[in-house]
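As the structure lists them, so they are numbered: ligands from 1, and atoms in each ligand from 1.
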Amino acid sequence: MIQESSEAVVMVIHGPNLNMLGKREPEIYGRETLEDIDRGLEDLGGRLGLDVKTYQTNHEGCMVEAIQATIGNHQGIIINPAAYTHTSVAVRDALLLVDFPVIEVHLSNIYRREPFRHKSMISDIVSGVISGFGAKGYRLALRALAELI
Ligand code: DQA
């Protein structure tokens, strides 16, 4: 008999330039690398009973495809669309397709920064937003998802 796993699968999607974390404006984004963040999330996911997958892209269309690919086989998304947060109708439309919890994360507090960062194209359609807690924000988001799923 094939044993089906009951672990919920969560996709963590990181947008453009987040592959440079550690080197990129560390006074704003901190010193943890994306690799550190992703490994930490996988570990925490194991403790919370969540199977955590991670993906980073610098391309808007790839982000849309990654969101679409979660449909039917994932139970939650954590997304930091980075600069696309402020511009992408395509990312918003893709997120409107999913019917499970989505949490928007930003390392920095986007509301304490330049006015063009105050507008998010997705905040009004996601389950919740965590902004301004650095890398810890991803871990808070994963704990929130564990409760929501
Ligand atoms: C960011 C904030 C965005 O304004 C910026 O373009 C990023 C990162 C954050 O995590 O604080 O690339 O999403």
Checklist outcome for this item: In short, salt bridge (charged side-chain N to carboxylate O under 4.0 Å, His left out) pairs touching residues 48-72 with sequence neighbours left out are D51-K53
Item to check | Mutual orientation of the aromatic rings belonging to H106 and H86 [parallel < 30°, tilted 30-60°, perpendicular > 60°] | outcome: parallel
Checklist entry - Among side-chain atoms of E104 and S123, is any donor-acceptor pair under 3.5 angstrom? => result yes
Checklist entry - Within a strict 4.5 Å, meaning less than it, do heavy atoms of the I79 and M63 side chains meet? => result yes
Item to check | Smallest separation among heavy atoms of N19 and L34, with atom names | outcome: CA-CD2, 4.1 Å
Check ligand 1 for N or O atoms under 3.5 Å from a protein N or O and list each pair with its distance.
residue	atom	partner	partner atom	Å
ligand 1	4 (O)	H86	NE2	2.7
ligand 1	4 (O)	R117	NH1	2.8
ligand 1	6 (O)	A83	N	3.3
ligand 1	6 (O)	R117	NH1	3.1
ligand 1	10 (O)	N80	ND2	2.8
ligand 1	10 (O)	L107	N	2.8
ligand 1	11 (O)	L107	N	3.3
ligand 1	11 (O)	S108	N	2.9
ligand 1	11 (O)	S108	OG	2.6
ligand 1	12 (O)	R24	NH1	3.1
ligand 1	12 (O)	R24	NH2	3.0
ligand 1	13 (O)	N80	OD1	2.8
ligand 1	13 (O)	H106	ND1	2.8

Next on the checklist: Measuring only between side-chain heavy atoms, which start at C-beta, is E35 closer than 4.5 Å to L21?
Outcome noted: no
